[in-house]
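All of these numbers come straight from a predicted model, not from anything done at the bench. Below, chains carry the letters A, B, ... as their sequence lines are ordered, and counting in each starts from 1.
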Protein chains: 4
Amino acid sequence: MTPGRPFLQIPGPTLVPDRVTRAMSQPMIDHRGPKFAALLREILNGLKKLFKSASGQIVLFPGSGTGGWESCVVNTLSPGDLVLGCVNGYFSDLFCRTAKLHGIEVETLELPYGLGIPADQIEQRLRADSGRRIKAVLVVHNETSTGVTTDVAAIRQAMERASHPALLLVDVVSSLGCIDLRFDDWKLDVALAAPQKGLMMPPGMAILAVSERALQANESAKCGRAFWDWRPVLENNAAGQFPYTPATALLFGMSESLKMIFEEGLENVFNRHARLAEACRRATQAMNLKLFPRNPAEYSNTLTAVSMPDEYDADGFINHMLRRFDLSLGKGLGKARGKLFRIGHLGSLNELELLGALAAVEMALFSFGVKLPLGAGLSAAEAYLLESAPNLPST
Amino acid sequence: MTPGRPFLQIPGPTLVPDRVTRAMSQPMIDHRGPKFAALLREILNGLKKLFKSASGQIVLFPGSGTGGWESCVVNTLSPGDLVLGCVNGYFSDLFCRTAKLHGIEVETLELPYGLGIPADQIEQRLRADSGRRIKAVLVVHNETSTGVTTDVAAIRQAMERASHPALLLVDVVSSLGCIDLRFDDWKLDVALAAPQKGLMMPPGMAILAVSERALQANESAKCGRAFWDWRPVLENNAAGQFPYTPATALLFGMSESLKMIFEEGLENVFNRHARLAEACRRATQAMNLKLFPRNPAEYSNTLTAVSMPDEYDADGFINHMLRRFDLSLGKGLGKARGKLFRIGHLGSLNELELLGALAAVEMALFSFGVKLPLGAGLSAAEAYLLESAPNLPST
Amino acid sequence: MTPGRPFLQIPGPTLVPDRVTRAMSQPMIDHRGPKFAALLREILNGLKKLFKSASGQIVLFPGSGTGGWESCVVNTLSPGDLVLGCVNGYFSDLFCRTAKLHGIEVETLELPYGLGIPADQIEQRLRADSGRRIKAVLVVHNETSTGVTTDVAAIRQAMERASHPALLLVDVVSSLGCIDLRFDDWKLDVALAAPQKGLMMPPGMAILAVSERALQANESAKCGRAFWDWRPVLENNAAGQFPYTPATALLFGMSESLKMIFEEGLENVFNRHARLAEACRRATQAMNLKLFPRNPAEYSNTLTAVSMPDEYDADGFINHMLRRFDLSLGKGLGKARGKLFRIGHLGSLNELELLGALAAVEMALFSFGVKLPLGAGLSAAEAYLLESAPNLPST
Amino acid sequence: MTPGRPFLQIPGPTLVPDRVTRAMSQPMIDHRGPKFAALLREILNGLKKLFKSASGQIVLFPGSGTGGWESCVVNTLSPGDLVLGCVNGYFSDLFCRTAKLHGIEVETLELPYGLGIPADQIEQRLRADSGRRIKAVLVVHNETSTGVTTDVAAIRQAMERASHPALLLVDVVSSLGCIDLRFDDWKLDVALAAPQKGLMMPPGMAILAVSERALQANESAKCGRAFWDWRPVLENNAAGQFPYTPATALLFGMSESLKMIFEEGLENVFNRHARLAEACRRATQAMNLKLFPRNPAEYSNTLTAVSMPDEYDADGFINHMLRRFDLSLGKGLGKARGKLFRIGHLGSLNELELLGALAAVEMALFSFGVKLPLGAGLSAAEAYLLESAPNLPST
């Protein structure tokens with residue numbers, strides 16, 4: 001048992017703020033009673049604001065982001081359908097794999113790890129699809145395996161330029177509540193998320209926002225589905241209930257986490273993530289390390305993927321960090337296995353926690369044998385945080 | 001906000017003991033790290049003891065009992081398969097419905113609400129299935145909608161007498177940790193449960209025990225599946241991980257809840273449930289009410305379903321109870337809608353809590369206009385609890 | 001470890017409501033910073049409302065009611081001073097003993113246990129004190145050892161009739177927040193309390209309300225004092241601080257407990273205590289037991305002291321109750337040792353919890369060998385609670 | 001509400017580890033029952049180990065360190081007694097003031113703030129006291145106002161060289177559980193402490209260890225006392241109880257905090273404090289700041305007092321820090337008002353938390369206008385923490 005408070009810098013689940021933990025500790029209530037109905041109403045409204053959606057519907061399941069993929073696929077598609085799956089990392093690959101497991105034909109647009117999805121290639125492919133066989137485009141907004149954010153608004157614009165009717169199905173697991181996301185403006189059809197990232201909660205849910213068109217697709221989609229079906233959820237929600245036993249404790253926590261986000265202000269939350277991310281990037285670069293993502297415009301504000309210098313083993317370093325500081329970093333996944341480490345800086349996090357974590361990175365690299373000027377990373381982070389600091393509130 | 005501690009007598013979710021709540025409040029950990037692996041190992045071992053299984057495998061999902069039905073169906077069956085679905089209440093009906101939604105042909109053995117599943121009828125039907133078309137028998141061990149417990153051991157014996165190879169798929173959601181359940185002895189193929197009943201936890205998971213035969217069925221089953229597939233779970237579990245982000249906080253709670261059950265002693269837990277249930281039955285009968293289940297041998301020890309006298313509206317009474325005592329009871333579901341109320345007495349509950357709840361029932365009935373001798377119910381419960389009390393530990 | 005939620009029916013400390021427990025779990029703050037100052041301001045205002053005082057000052061100490069006695073004495077009196085100590089139970093005796101230990105001469109007005117303090121005897125004694133030697137009258141508002149409430153307003157009236165300038169120093173430990181108490185109207189000089197009774201908190205503080213006259217007495221009082229001196233507390237409080245390190249976690253809890261009391265409504269809180277107390281009295285009398293207090297007008301609404309039938313040992317019964325139900329009752333103290341048991345029904349308590357506790361009393365008496373009609377006590381309590389129930393809120 | 005976890009670097013109260021917070025959340029128990037007696041026994045044993053005492057007695061009060069001073073004084077001294085009060089800071093001054101308020105004559109040995117108490121001066125004064133009028137020597141082990149640790153073992157040796165029978169009364173509030181302290185070896189007569197420092201708890205108690213000689217002094221000491229008297233506590237403790245209502249929730253926390261200390265190992269706890277303190281000192285010196293204490297041998301491992309450069313206002317800086325990072329530092333107290341700031345690094349704290357806090361100091365100084373090389377402080381701290389790191393446990 002390490003003394004003091006633990007640090008946890010995987011890109012989610014993150015440490016849960018004590019307010020959320022305490023909210024989750026409330027006594028259980030009847031999930032078919034009026035208190036529950038009021039709680040649910042409040043949460044659905046809050047989530048709509050979080051997704052920036054007036055027109056979409058929120059659908060909640062006890063589950064996980066993985067379950068969110070399944071729910072997205074089985075509600076909108078039928079076995080044999082063709083979709084365009086954009087793969088630029090481990091999680092986008094799994095998203096597509098979920099579709100394949102349900103008999104969907106997935107044509108993949110494969111990008112090297114470290115790049116976002118180029119809207120023009122989508123446009124090109126859709127223009128070529130004169131028979132309109134492609135039923136949906138699958139994209140991950142923020143590829144948690146590589147620290148790359150794709151410009152989803154641009155993809156929607158590309159689809160519009162191609163005048164293609166495909167649905168736009170987007171994994172926003174690690175962007176919701178961290179990075180700007182506009183369900184209505186970007187005309188998303190499904191955006192699927194999870195609570196253990198920007199929502200600062202323990203994992204255990206799938207959170208979906210679905211458009212009117214997606215709901216129509218649900219009527220004709222032929223994938224076998226029972227648990228993940230949206231219709232019974234929406235019907236029951238209208239009466240303040242669920243067709244399954246909901247994860248009440250998590251919903252208590254979600255109500256509090258939404259309160260915290262809106263107290264801080266959603267744009268302030270995005271700005272805080274942006275500042276912490278830039279500080280982290282400057283720090284790691286000042287440690288003579290290279291960022292894994294290739295285009296600065298696509299750097300993620302949720303996590304930073306750092307390339308391990310060739311002569312060192314990334315996983316060995318991550319284990320060293322864990323033994324030395326009891327601090328977990330994200331490992332390289334899929335094609336990036338062993339090549340990088342990922343620093344999460346999302347959710348309930350402040351400057352001082354980030355600086356403590358960066359000190360751990362610096363010291364663990366040093367004691368792992370990587371040559372670097374001690375303090376350079378922290379100094380770079382400090383300088384940026386000072387220069388970018390918002391004005392203090394007047395007293 | 002009602003003063004004092006709330007009572008919650010729906011048949012699950014139940015009030016969570018403070019030890020479990022506190023355990024759930026521990027700081028989040030890396031779900032791919034060594035602490036998590038140790039936690040998982042401990043939980044899987046504890047659950048095997050709880051299912052009384054040495055041979056089965058435990059498979060966990062963030063989800064619900066409803067999700068457990070889906071996982072059970074999609075891992076063992078293929079569209080077009082024929083199964084024998086035993087329906088004696090609302091939840092057994094939904095279990096069968098889940099199979100139908102995945103393209104399974106369900107032949108139902110329908111019993112009136114209030115009866116258990118008769119083993120001889122199963123035997124008869126299976127003997128008639130000379131072509132061995134029936135792939136599985138679906139049963140709910142404890143029908144939470146009617147308060148009826150089916151003799152599952154007898155059903156397995158009937159299947160053996162018929163020498164039929166069908167799988168035995170059993171919903172044990174509201175029996176696990178409340179009523180004796182023997183996965184190995186009864187040769188169950190799938191037993192699916194949820195944490196918010198005997199495990200005294202908040203809802204949010206599906207818990208399955210699966211036999212070797214069920215695992216073999218998984219290899220040939222053709223239902224579309226991704227999230228609910230057992231194989232990736234079992235493979236990842238071997239390395240102390242999951243193929244999805246697990247519901248870490250719930251797992252913290254489950255570790256504590258299993259500790260509590262084994263500290264009390266599993267057989268003591270069953271006996272406590274049996275005593276509280278019998279006290280509840282005697283109390284309600286002394287209030288001049290009729291039990292909904294027809295056969296004393298099938299009375300559930302998890303909950304008591306009480307028939308509302310014809311001249312009164314059960315749901316109106318339940319609402320009256322909620323307004324008067326902030327105490328939720330279970331409503332009648334499906335064909336029993338409006339005809340009964342259900343008193344949960346499961347999980348973390350003691351004699352004094354039960355007596356408080358029974359006092360609420362007595363007083364609420366009285367003030368709702370039902371004629372009854374005040375105190376008669378409580379007196380009957382007290383008398384039984386006194387005569388059946390275990391010996392006090394010597395000091 | 002007994003399953004289910006514990007019952008605790010000593011007359012304080014009582015079970016702490018989960019809202020207060022969660023509030024106490026907030027992260028520590030600087031006790032010299034602005035957040036603390038705001039917290040303190042809010043608490044002092046709330047306590048004034050609780051004491052029904054606009055003119056008095058609140059003085060808080062980490063400590064206990066016992067410490068409150070000391071603070072009361074050393075701030076208002078000097079060694080050699082004469083006071084009139086009203087003794088009608090164990091705690092009033094200790095209050096006087098505290099004064100004696102500081103060199104105060106205590107003339108006691110001794111009443112048999114079970115009676116309140118008669119105002120006319122006070123008047124008589126004060127009239128006889130023509131030299132005005134008596135500096136203060138010491139009274140316990142609610143004698144927790146006997147379950148007797150003294151009419152303090154009447155005592156003040158008696159003092160006024162005698163035109164005597166003595167200070168009125170009152171222990172309100174087990175009345176504050178349970179029984180009506182009017183610091184200003186009754187012209188109390190010191191009222192000292194503790195948080196583990198009506199305030200529903202864990203113990204660990206002394207809470208005093210002090211009048212202008214008491215503050216003047218502080219200037220001339222010569223008892224040695226440092227920690228318990230009011231002046232530095234009041235001076236520091238003006239700046240939002242304390243002269244000692246305050247019990248921050250308890251103050252977090254107190255802020256929440258005051259919120260809960262005023263949400264329910266102070267008069268509603270008193271009425272709830274009165275109803276539960278009367279229900280308890282009727283129940284114990286229906287069990288063929290005698291109440292220990294002699295005058296119905298002096299029955300305490302905080303606790304009920306019940307005489308043990310002569311042929312039984314009260315402490316033996318209390319131990320039996322603890323072994324059988326893990327439920328603690330209050331023992332007889334001082335001259336009442338072994339003669340009675342005390343049932344606390346104060347703080348965060350509702351009808352159903354009380355009925356559960358009364359069931360425990362009934363069953364434990366029965367199994368201890370006391371002859372009583374099982375259910376009679378509960379039936380009497382139920383009948384009273386039904387007939388005295390406030391109207392339900394309209395939906 | 002600042003996002004993320006708060007930092008609190010006053011030299012106590014410190015942030016409470018979540019294990020202690022959760023332990024404090026357990027349901028209240030009867031303070032006169034057997035569970036409480038077992039809890040108390042365990043705590044008293046643990047505290048003896050913490051004080052390194054087999055011969056002393058532990059005495060606990062709900063209260064504070066300030067109350068501990070009073071308890072120390074009134075149990076061992078009589079009005080008119082002469083004591084030698086060693087004053088080298090704000091808290092030692094208040095300790096002496098407590099004695100004066102009880103009529104004790106205090107001859108002070110005054111040292112400039114920033115120095116420890118020189119043993120030879122004590123020896124000299126005691127040798128001169130041929131009439132043995134001096135009844136006690138009052139010392140603060142760790143002066144929290146200046147960050148200076150006095151060599152108490154040397155003082156005892158000086159007293160022995162002078163063959164003087166005075167009692168040695170020591171305030172160990174901010175050393176217990178942080179800095180080595182040996183009650184038996186150093187022949188202390190009273191060591192008084194509080195829970196909100198090395199014990200990692202919320203404030204609200206006074207903790208004393210008292211020697212056989214101090215207990216004898218209690219028999220003849222004539223200061224008025226009731227609440228703070230040791231005798232009734234020790235007598236009641238023998239039966240597992242207290243003469244006052246104990247602060248049960250804090251005792252729950254203390255049981256857990258002692259477990260945590262002994263799990264880590266008491267010497268490891270001291271070493272951790274020493275390492276973090278040295279890192280803090282090197283960091284602040286690398287920021288071109290001067291330490292307030294004058295002798296390196298007397299640097300405290302609990303907190304670091306840093307002199308504010310003359311041209312800056314220390315309190316202004318502290319306020320700036322609070323506004324900018326929501327992080328509280330200790331202000332200068334007494335004669336040091338406005339001259340310094342104090343960084344607490346005690347209790348439940350690890351390297352990364354310290355580095356985060358030091359980053360805050362560096363950045364806040366910079367933005368307050370103090371010229372310093374950004375990153376220099378952190379780099380110095382990192383280098384020291386790396387070179388002084390204990391060997392990692394082998395896997």
Side-chain angles (χ1 to χ4, degrees), chain A residues 5-6 8 10 12-16 21-22 24-25 27-34 61-67 69-71 73-74 79 97-103 194 196 201-206 223-229 242-250 253 322 328 330-331, chain B residues 5-6 8 10 12-16 18 21-22 24-25 27-34 61-67 69-71 73-74 79 97-103 194 196 201-206 223-229 243-250 253 322 328 330-331:
Chain A
R5 293 179 294 182
L8 179 62
I10 53 173
T14 61
L15 293 167
V16 176
T21 301
R22 286 199 305 274
M24 287 181 56
S25 301
M28 209 45 44
I29 58 174
D30 180 9
H31 56 295
R32 302 191 202 274
F61 296 96
S64 72
T66 314
W69 291 335
E70 181 148 301
S71 184
V73 163
V74 299
R97 205 175 150 268
T98 302
K100 280 179 217 156
L101 286 168
H102 281 281
Q196 72 272 19
M201 290 170 56
M205 291 182 70
C223 282
R225 65 176 184 265
F227 182 80
W228 297 116
D229 198 346
F242 279 103
Y244 49 75
T245 309
T248 312
L250 288 170
L322 183 63
S328 291
K331 295 195 173 179
Chain B
R5 293 178 296 181
L8 179 62
I10 53 174
T14 61
L15 293 167
V16 177
D18 64 276
T21 301
R22 286 200 305 275
M24 286 182 56
S25 300
M28 210 41 48
I29 58 174
D30 180 9
H31 55 296
R32 300 190 203 276
F61 295 96
S64 72
T66 315
W69 290 335
E70 180 146 304
S71 185
V73 163
V74 299
R97 204 173 152 270
T98 302
K100 281 179 216 154
L101 286 167
H102 282 282
Q196 73 272 17
M201 292 170 56
M205 291 181 71
C223 283
R225 66 177 181 261
F227 182 79
W228 298 115
D229 197 346
Y244 51 75
T245 309
T248 311
L250 287 170
L322 183 64
S328 292
K331 294 195 174 180

Considering all heavy atoms of both residues, which atom of [X] and which atom of [Y] are nearest to each other, and what is their separation?
X: E70(A); Y: W228(B); answer: OE2-CD1, 3.6 Å
X: G63(B); Y: F227(A); answer: CA-CZ, 4.4 Å
X: L101(A); Y: R225(B); answer: CB-O, 3.6 Å

Can you tell which of [options] has the highest number of heavy-atom pairs within less than 4.5 Å of chain B?
options: A249(A), G67(A), A206(A); value: G67(A)
options: S328(A), S25(A), A226(A), P6(A); value: A226(A)
options: G204(A), P79(A), P13(A); value: P13(A)

Item to complete: Examine whether an atom of R97(B) lies under 4.5 Å from a heavy atom of chain A, and if so say whether it belongs to the side chain, the backbone or both; otherwise answer neither.
Response: neither
Worksheet item: Side chain, backbone, both or neither: which part of F61(B) has a non-hydrogen atom closer than 4.5 Å to chain A?
Response: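 No part of F61(B) comes within 4.5 Å of chain A.
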Item to complete: Any chance you could measure M28(B), atom CE, to L8(A), atom CG, to the nearest 0.5 Å?
Response: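 Between M28(B) CE and L8(A) CG, I get 8.5 Å after rounding to 0.5 Å.
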Worksheet item: When rounded to the nearest 0.5 angstrom, what is the spacing between CG in D30(A) and NZ in K331(B)?
Response: 8.5 Å
Segment of [X] engaging chain B (4.5 angstrom heavy-atom cut-off):
X: S71(A); answer: neither
X: P246(A); answer: backbone
X: R5(A); answer: neither

Is there side-chain contact between [X] and [Y], with at least one heavy-atom pair below 4.5 Å?
X: M24(A); Y: M24(B); answer: yes
X: T248(A); Y: P202(B); answer: no
X: P203(B); Y: P62(A); answer: no
X: L15(B); Y: P27(A); answer: yes
X: T66(A); Y: P243(B); answer: no

Practice prompt. Mind ranking T245(B), L250(B), T21(B) by heavy-atom pairs under 4.5 Å with chain A and telling me who comes out on top?
Written response: T245(B)
